Amino acid sequence: MPQFDETIFALASASGRAGVAVLRISGPKASYVLKQMIGGLIEPRKATLRLLRDPVNLDPIDRALLLWFPAPSSFTGEDIVEIHCHGSKAVVAKLLSVLAGFADVRLADPGEFARRAFEHGKMDLTAIEGLADLINAETEGQRRQALRQSEGALGKLYESWREQILTASALVEAMIDFSDEEDVTQGVGAKVHLMVGALQVSITDHLESSGRRGEQMRDGFRIVIAGAPNVGKSSLLNSLANRDAAIVTSEPGTTRDVIEVHMTIGGFLVLVMDTAGIRETTGIVEQEGIKRTIDRLSDADLVLWLTDCPEMLEDTCLQNLSHCEPGPENVWRILSKADLREQSAEKRPNGIDLAISSKTNVGISTVITKIEDLLETQQDRQSSPLITRARHRT
Ligand SMILES: Nc1nc2c(ncn2[C@@H]2O[C@H](COP(=O)(O)OP(=O)(O)O)[C@@H](O)[C@H]2O)c(=O)[nH]1
Ligand SMILES: [Mg+2]
C-alpha cells in the first residue's frame with residue numbers, strides 16, 4: 001500500500017453561498033489538525049458539533065458538525081476529517097487558509113481524493129469513472145448507469161474474466177510441468193479449451209450487446225437531421241429545441257456548419273444535429289458543410305431524413321445513407337411541411353414513416369414520443385453492465 005506523507009484538504013461541496021459547506025481533510029495529519037482546531041479528538045464516525053478555532057490565536061471561526069473516519073475505513077483509506085460548516089464564502093475562505101497554515105498539509109489537486117482511494121484499493125478505475133459520471137450526471141438515465149458503475153458493476157465483470165484467464169493459464173502451466181504424468185494432465189487440455197471458449201463468448205457478447213449504448217447514455221444519443229436544402233431541417237431543430245437555435249430562411253443553403261443542441265428526451269441526454277442540406281454545389285463553404293453532414297451521418301445513432309417531395313425520396317436518401325452508421329431501422333423518413341399538402345398527415349405517402357409541420361407543430365410530438373420509445377426499448381434490453389467509454393472497449 002502506498003503511504004502518502006502529505007495531508008490534503010479541499011472543499012467537497014460547490015463553491016458559492018449555501019446553507020452548509022463541506023470540507024474534507026485526508027492523510028496522516030488529519031486527526032492532528034482536528035485536535036488543534038477543537039482542542040481534542042471526537043468519537044469516530046459520529047457527527048459531533050464543535051466550535052472550530054484558529055490554532056494560532058484561538059479566535060473562533062465557526063460552529064461546525066464534524067466527522068472523523070480513522071483509516072482504513074474511509075473513502076480514501078486514510079484518516080479523514082469532514083467539516084460541515086456554514087456555507088458562506090468568508091467561513092470557507094477562513095477555514096481553507098487556516099488548514100493551509102499547517103505544515104505538510106496542502107490543498108488537494110483535482111481528483112486527488114479519488115486517486116488516493118484508487119491507490120489504496122478502495123475503488124478500481126471503472127468505479128472511479130462511474131463516480132465521476134455520477135457527479136456529472138444530468139439525466140435519469142445517466143444517473144442510473146453511473147450509480148451501477150460506481151458501485152463496481154463493470155469492475156466485477158472484468159475481474160471475473162481476469163480470474164478465469166488466471167485459472168486457465170494455471171492449468172496450462174500444470175499441464176506443461178507435469179507432462180510426463182498422464183493421470184494428472186488427462187483431460188486438462190479439453191477443459192481449458194472449454195473455459196477459454198466460454199470466456200471468448202462472454203467478451204464478444206459484452207462488446208456486441210453493449211454496442212454504443214453505454215457511451216450513448218453518457219455522452220448523448222446522437223440524432224442527425226439531414227436531407228436536401230430548404231426542406232425544413234433547421235425549422236425542425238428549432239421546434240424540437242423550443243428555441244431559435246438555427247437560422248431559418250427561404251434561401252437554400254442557409255445552414256453551412258453543423259449546429260448541435262443538447263436536450264433531454266424522456267430522461268435521456270440527446271444531441272440533435274442540424275446539418276447543411278445535401279446537393280450538388282460549387283460554393284466552397286457549402287461543399288465543406290456537406291462534407292461535415294456526411295461525416296455526422298457516419299456516426300449517428302438515429303437519422304431523421306427530411307423531404308418535402310416524397311416522390312424524389314428514394315434517390316437522394318438512399319444514395320446518401322449508404323455510408324451511414326445506423327441500420328435502416330434507425331433512419332426515419334419524414335415528410336416535412338405537411339401543412340402544404342392537401343391530404344391529412346395520417347395518410348402518408350409511400351416510404352414515409354412520419355409527417356410533420358414545423359409551422360403548425362403537427363407531428364412534432366409524435367417524433368419526440370417515437371424517440372422516447374426507441375431510447376426506452378434500448379434501456380430495457382440493458383441487464384448487464386455497459387461499456388461507457390471507448391477505453392473499456394479497447
Ligand atoms: N409551410 C411550411 N414551411 C416551412 C416549414 N418548415 C420550414 N418551412 C420553410 O421552409 C424554408 C426553409 O426552412 P429551413 O428550416 O431553413 O430549411 P433547411 O434548409 O432544411 O434548414 C423556410 O422559408 C421555412 O419558413 C413547415 O413545416 N411548413
Ligand atoms: Mg438549415
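Both ligands and their constituent atoms are indexed starting at 1 by order of listing. Since the structure is predicted, the reported quantities are computational estimates derived from the model, not experimental observations.
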Check: [Y] and [X] side chains under 4.5 Å, non-hydrogen atoms:
X      : Y      : answer
Phe113 : Arg24  : yes
Leu207 : Ile387 : yes
Leu67  : Ile42  : no

Residue [X] vicinity, atoms of ligand 1 by number, heavy atom under 4.0 Å:
X      : result
Ser357 : 27 (O)
Thr249 : 11 (C), 12 (C), 13 (O), 16 (O), 22 (C), 23 (O)
Leu340 : 1 (N)
Asp339 : 1 (N), 2 (C), 26 (C), 27 (O), 28 (N)
Ser234 : 15 (O), 18 (P), 21 (O)

Shortest protein contact, [atom] (heavy atom only):
atom                    : answer
atom 7 (C) of ligand 1  : Ser235 OG, 3.1 Å
atom 12 (C) of ligand 1 : Asn230 OD1, 3.0 Å
atom 24 (C) of ligand 1 : Val248 CG1, 3.7 Å
atom 17 (O) of ligand 1 : Gly232 N, 3.0 Å
atom 27 (O) of ligand 1 : Ser358 N, 2.8 Å
atom 18 (P) of ligand 1 : Lys233 N, 3.5 Å

Test your reading of the structure: does [X] have an N or O sitting under 3.5 Å from an N or O of ligand 1?
X      : answer
Ile356 : no
Lys337 : yes
Val231 : yes

Q | Asn230 near the Mg ion (ligand 2) via N/O/S, less than 2.8 Å | A |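 It does not: Asn230 brings no N, O or S atom closer than 2.8 Å to the Mg ion (ligand 2).
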Q. Has Thr255 got an N/O/S atom less than 2.8 Å from the Mg ion (ligand 2)?
A.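 Yes.
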Q. In this structure, which one of Arg292, Arg279, Lys291 forms a salt bridge (charged side-chain N to carboxylate O under 4.0 Å, His left out) with Glu286?
A.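 Output: one option passes, namely Arg279.
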Q) Do we see a donor-acceptor contact under 3.5 Å between the side chains of Glu43 and Thr48? A)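 There is no such pair (donor and acceptor under 3.5 Å, judged by atom type) between the side chains of Glu43 and Thr48.
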Q. Can the positive tip of Arg116 be found less than 6.0 Å from the middle of the six-membered ring of Phe4, inside 45° of the ring normal?
A.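 Pair Arg116/Phe4 counts as cation-pi.
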Q: Taking atom CD1 of Ile284 as the centre, report whether more than 12 heavy atoms of other residues, nucleotides or ligands fall under 6.0 Å from it.
A: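 12 or below, so no.
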Q) For Arg115, does the CZ atom sit with more than 12 other heavy atoms under 6.0 Å from it, leaving out its own atoms? A)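 Count not over threshold, so no.
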Q: Compare every heavy atom of Asp274 with every heavy atom of Leu237, then report the nearest pair and how far apart it is.
A: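 Minimum heavy-atom contact is CD2-CB, 3.7 Å.
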Q | Distance, nearest 0.5 Å, that separates OG1 of Thr307 from CZ of Arg333 | A |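 Between Thr307 OG1 and Arg333 CZ, I get 10.5 Å after rounding to 0.5 Å.
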Q) Among Ser250, Ala276, Gly227, Gly363, whose heavy atom sits nearest atom 23 (O) of ligand 1? A)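 It is Ser250 that holds the nearest heavy atom.
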Q) Would you say the ring centroid of Phe75 lies under 6.0 angstrom from that of His120? A)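 Phe75 vs His120: aromatic centres not under 6.0 Å.
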